[in-house]
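Below is one structure; the comments refer to it alone.
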Amino acid sequence: MVPFATLENAPGTSVMAVVTRFAPSPTGLLHIGGVRTALFSWLYARRHGGKFILRVEDTDRERSTDEAVRVILEGMQWLGLDADEGPYYQTRRFDRYREVLAQWLAEGKAYRCYCTKEELEQLRAEQMARKEKPRYDGRWRDRTDTRPGVEPVIRFKNPLEGEVVVEDSVHGRVVFKNSELDDLVIARGDGTPTYNFCVVVDDADMGVTHVIRGDDHLNNTPRQMNMLAALGAQVPRYAHVPMILGPDGAKLSKRHGAVSVLQYEEDGYLPDALLNYLVRLGWSHGDQEIFTRAEMIAAFDIADVNKAASAFNPEKLLWLNQQHMMKAEPASVVRYLKPHLARLGIECADDALLAKIVVAQRERVKTLKEMAQNSRYFFGEGVELDPKAAAKHLTPEALALLGQLRASLAGLGEWTAAAVHAALEALAATHSVGLGKVAQPLRVAVTGNTISPPIDQTLELIGRVRVLARLDAALAAAP
RNA sequence: GCUCCUUUCGUCUAGAGGCCCAGGACAUAGCCCUCUCAAGGCUGUAACACGGGUUCGAAUCCCGUAAGGAGCGCCA
């Protein structure tokens, strides 16, 4: 039991623990738009020492899929957006919804409507023809009879007059006239409850204090507030955050960005980098671009959230990902790099070596996937020489240098980057050539290509045995 | 069509009447550094949607217009 010593504050100022929720629908795969909403809700709860609830809104049984539920669960876990409660599933709360439905029917707060779909369609068509806003006209609102052969829906009796004021944390005061609202369906003909109704019951039952969601829900809010009032529940604080657009400024779609959040794991992004990118879409904290998780929690405030939609920019995400790889503890990057190495068939249990590889590679790759691909030559035996690189750099003159270099490397007392570097410089000096004249052929011989970390570090990490073997192979392959 | 929302560089944003002939970041161009590729540093190009007000003074306040978006479902 939580002791509440100060419950006697004036109305509206009572101390209330913050409770937020993320309520995705498993009718499509969770994408970055949803993730950002989840992030804002999570941050807000963490910032205020509150509770974060995960609730799966699966009342549409036709379109909900197990795959989508899996992506929500795995995605949230990968991102580290841990819930304090849930996941709840609305499909498991049907008894509760039926209870409220029965109560409202009994109290006259809701009623059965026996209109057929055809009838409703005709009504809509007529209204459109008259250039009116299409809406249900309440024709069954006060009827008590029934109509055989039609499974009735249940509609909420929305107030006819007055207005509903939404005090939104990002949009400010938004006023809706009740006369613009109609009696929405809260239970289908088959008895299953609908979204707007379930949300209201759930938010009330779960004690949600702050509803943070996409601004496509702003128009639903007055209806929900009316239902909350019918329930006798307190109205939460609303914050309708702007939507995320695709890179082209158009609505997010499968074609560009509306992919499963798990795709970002596969593409080699660090969870913290994705979160950092997403938090800066619609929110800012002065000029700060890079945030650790703790910094995000400390700085986040809904008051700083923008009103306008923002476009997703893949280049900036890439940049941030690299920034996070460079700032993070190498060991933590290793943890996320391993799956990518595994996908290339590379299993390495030497975490210390992997940490060194991370440090050597992170300033030249944008993703973990790229890091894994560019690190293949640290593992396995031989390397495949890129034909163009070999033709350009493994010239007879270069091979002559490499031959001498092989000897000096073989005789090195200790195999460190510093020792390798000294050997290279000595060779370059005796032949009066730049370091590049020997470094590039060497790079091609041991990595197969022209790109790698500084050559001395590269050799140290590849290891002497492999380096000598690869030099021998390059020398032997020469004409 | 009706109701609601939105509008600062290509993109993300700072800006809460004078600090702004608008700052930062990504991207982009140039230079420096350099054994490759990067990273890093420096420099440049680039924006207050438009029109009226209010005010000594407006990116900031008000009103229109335009353009986008959302909702108007027995979808969520």
Side-chain angles (χ1 to χ4, degrees), chain A residues 23-28 57-60 62-64 113 115 117 120-121 124 127-136 151-155 166 168 171 174-177 179-182 184-192 194-196 198-199 214-222 240 242-243 245 247 249-251 277 280-290 306-320 322-323 326 361-366 374 389 393 421 424-425 428 434-444 447 449-456 458:
Chain A
S25 159
T27 51
E57 311 224 318
D58 55 353
T59 52
D60 183 355
E62 300 280 300
R63 300 194 302 152
S64 294
C113 166
C115 285
K117 292 188 181 184
L120 260 14
E121 246 164 62
R124 258 193 289 275
Q127 288 165 328
M128 292 288 256
R130 268 181 271 131
K131 303 200 180 218
E132 284 171 17
K133 182 173 178 171
R135 76 242 267 214
Y136 179 66
E151 287 297 337
V153 298
I154 299 176
R155 288 181 185 273
V166 181
D168 192 272
H171 291 275
V174 184
V175 181
F176 295 87
K177 291 188 183 65
S179 56
E180 292 291 335
L181 274 24
D182 64 358
L184 75 159
V185 171
I186 55 178
R188 304 180 178 92
D190 65 4
T192 58
T194 61
Y195 165 76
N196 273 297
C198 296
V199 167
D215 65 9
D216 49 334
H217 289 283
L218 184 54
N219 286 298
N220 288 327
T221 307
H240 288 95
M243 322 223 15
L245 274 20
K251 193 177 169 184
Y277 177 72
R280 285 283 291 95
L281 239 37
W283 175 84
S284 60
H285 184 64
D287 283 339
Q288 189 172 351
E289 296 286 353
I290 300 170
N306 276 165
K307 297 173 180 179
S310 40
F312 180 79
N313 182 341
E315 278 85 36
K316 190 158 181 183
L317 205 211
L318 244 13
W319 173 76
L320 263 176
Q322 180 172 37
Q323 293 300 313
M326 292 195 293
Q361 293 283 49
R362 60 186 177 181
E363 64 191 40
R364 62 204 88 240
V365 295
K366 302 284 192 196
N374 292 0
H393 296 284
H421 192 79
L424 286 174
E425 292 226 298
L435 196 56
K437 283 277 186 251
V438 28
Q440 267 317 75
L442 174 59
R443 178 171 277 118
V444 172
T447 71
N449 219 315
T450 56
I451 299 169
S452 90
I455 194 64
D456 46 1
T458 303

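Values reported hereafter were calculated over all heavy atoms of this structure, with side chains retained and with hydrogens, waters and symmetry mates removed. So you know, we letter chains A, B, ... as the sequences are listed, proteins then strands, and number each from 1.
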Non-neighbouring partners of A:E315 that pass side-chain contact (heavy atoms from CB on, under 4.5 Å), sequence neighbours left out = A:N313
inquiry  = Using the side-chain contact (heavy atoms from CB on, under 4.5 Å) criterion, which residues pair with A:N374? Sequence neighbours excluded.
reply    =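 Here the qualifying residues are A:Q361, A:V365, A:E370.
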Identify whether any heavy atom of [X] sits under 4.0 Å from a base atom; if not, whether one sits that close to sugar-phosphate; answer base, sugar-phosphate or nothing.
X	answer
A:P453	base
A:Q323	sugar-phosphate
A:D58	nothing
A:R130	nothing
A:T192	nothing
A:N220	base
A:K117	base
A:P454	base
A:E132	base

message = Judged by each residue's nearest nucleotide on RNA chain B, which is more toward the 5′ side, A:H285 or A:K437?
response = A:H285
message = Using a 4.0 Å heavy-atom cut-off to protein, can you give one letter per nucleotide of nucleotides 5-13 of chain B, 5' to 3': B if the base is in contact, S if only the sugar-phosphate is, - if neither?
response = SSS---BBS
message = Run the ring-ring contact (aromatic ring centres under 6.0 Å, His included) test against A:Y195 and tell me which residues pass, sequence neighbours left out.
response = A:H217
remark   = Taken in chain and number order and not counting sequence neighbours, the residues that satisfy ring-ring contact (aromatic ring centres under 6.0 Å, His included) with A:H393 are none
May I have the distance from [X] (atom [atom1]) to [N] (atom [atom2]), rounded to whole angstrom?
X	N	atom1	atom2	answer
A:D182	B:G71	CG	C1'	11 Å
A:I290	B:G24	CD1	P	16 Å
A:L120	B:C72	CG	P	14 Å
A:Q322	B:C26	CD	P	11 Å

ask   = Does A:R443 get its side chain close enough to the base of B:C35, under 3.5 Å, for a donor-acceptor pair?
value =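 Answer yes: a donor N or O sits under 3.5 Å from an acceptor.
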request  = Check for a donor-acceptor pair, side chain of A:D182 on one end and backbone N or O of A:Y136 on the other, with a separation under 3.5 Å.
outcome  =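 A pair under 3.5 Å: yes.
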Nucleotide opposite B:C31 in a Watson-Crick or G-U pair, distances under 3.5 Å =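 Because both required distances fall under 3.5 Å, B:C31 counts as paired with B:G41.
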Side-chain N or O of A:K251 closer than 4.0 Å to phosphate OP1/OP2 of B:G68 =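 Looking at the OP1 and OP2 atoms of B:G68, neither is under 4.0 Å from any side-chain N or O of A:K251.
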query = Ring-on-base stacking between A:H217 and B:A76, under 5.5 Å between centres and under 30° between planes: is it there?
reply = yes
key: Counterpart residues, salt bridge (Lys or Arg N to Asp or Glu O under 4.0 Å), relative to A:D58 (two or more places apart)   =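 Here no residue qualifies.
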